[in-house]
Amino acid sequence: MKIKADESVCIGAGMCALTVPQVFDQSEDEGTVVLLQDVPAQELEDAVRRAVTLCPSGAISVE
């Protein structure tokens with residue numbers, strides 16, 4: 001799994017950071033998504049997929 005995060009689409013809702021704080025954070029300046037890991041550990045993959053579905057702006061995706 002590889003994660004992509006588009007800061008230009010992010011609205012700063014923070015659902016990703018709340019769902020998987022090991023993988024996502026928010027910038028202090030803009031509140032937009034900060035990707036801490038673009039290839040998460042296998043045990044985090046289900047949580048990452050959940051974060052993708054919870055993102056209201058569609059700023060994060062996986063391949």
message: Give me the atom names and distance for the closest heavy-atom approach of Pro40 to Asp38.
response: CD-O, 3.8 Å
- prompt: How close do Ala47 and Thr19 get, heavy atom to heavy atom, and via which atoms?
  reply: O-CG2, 3.7 Å
task: Might you confirm whether atom CD of Gln37 has over 12 heavy atoms from other residues, nucleotides or ligands at distances under 6.0 Å?
output: yes
query: Checking Glu7 side chain against Val34 main chain: does a donor-acceptor pair fall under 3.5 Å?
result: no
task: Keeping the roles fixed (side chain from Gln26, backbone from Gly12), state whether a donor-acceptor pair exists under 3.5 Å.
output: yes
task: For atom CD of Glu43, decide whether the heavy atoms of other residues, nucleotides or ligands shown that lie under 6.0 angstrom number more than 12.
output: yes
field: Working for side chain to side chain contact (heavy atoms under 4.5 Å, CB included), residues Ile60 and Val52
entry: CA-CA 6 Å; Ile60 55 176; Val52 169; 4.1 Å; yes
message: Side chains of Ser8 and Asp6: any donor to acceptor distance under 3.5 Å?
response: yes
field: Smallest separation among heavy atoms of Asp25 and Ala17, with atom names
entry: CA-CB, 4.0 Å
- request: Measure the OG-NZ distance between Ser61 and Lys4 for me, rounded to the nearest 0.5 Å.
  value: 6.5 Å
query: Looking at side-chain heavy atoms only, is the closest gap between Leu36 and Gln22 below 4.5 Å?
result: no
task: Please report the shortest heavy-atom distance between Thr32 and Cys10, naming the atom on each side.
output: CA-SG, 3.6 Å
task: Enter the distance from Ile3:CD1 to Phe24:CZ here, rounded to the nearest 0.5 Å.
output: 4.5 Å
Atom pair CG (Leu18) and CG (Leu54), whose distance is rounded to the nearest 0.5 Å: 9.5 Å
field: Rounded distance [0.5 Å steps], CE in Met1 versus CZ in Arg49
entry: 3.5 Å
message: When you group the ILVMFWY residues by side-chain heavy-atom contacts below 4.5 Å and let the links chain together, are Val48 and Met15 in the same group?
response: no
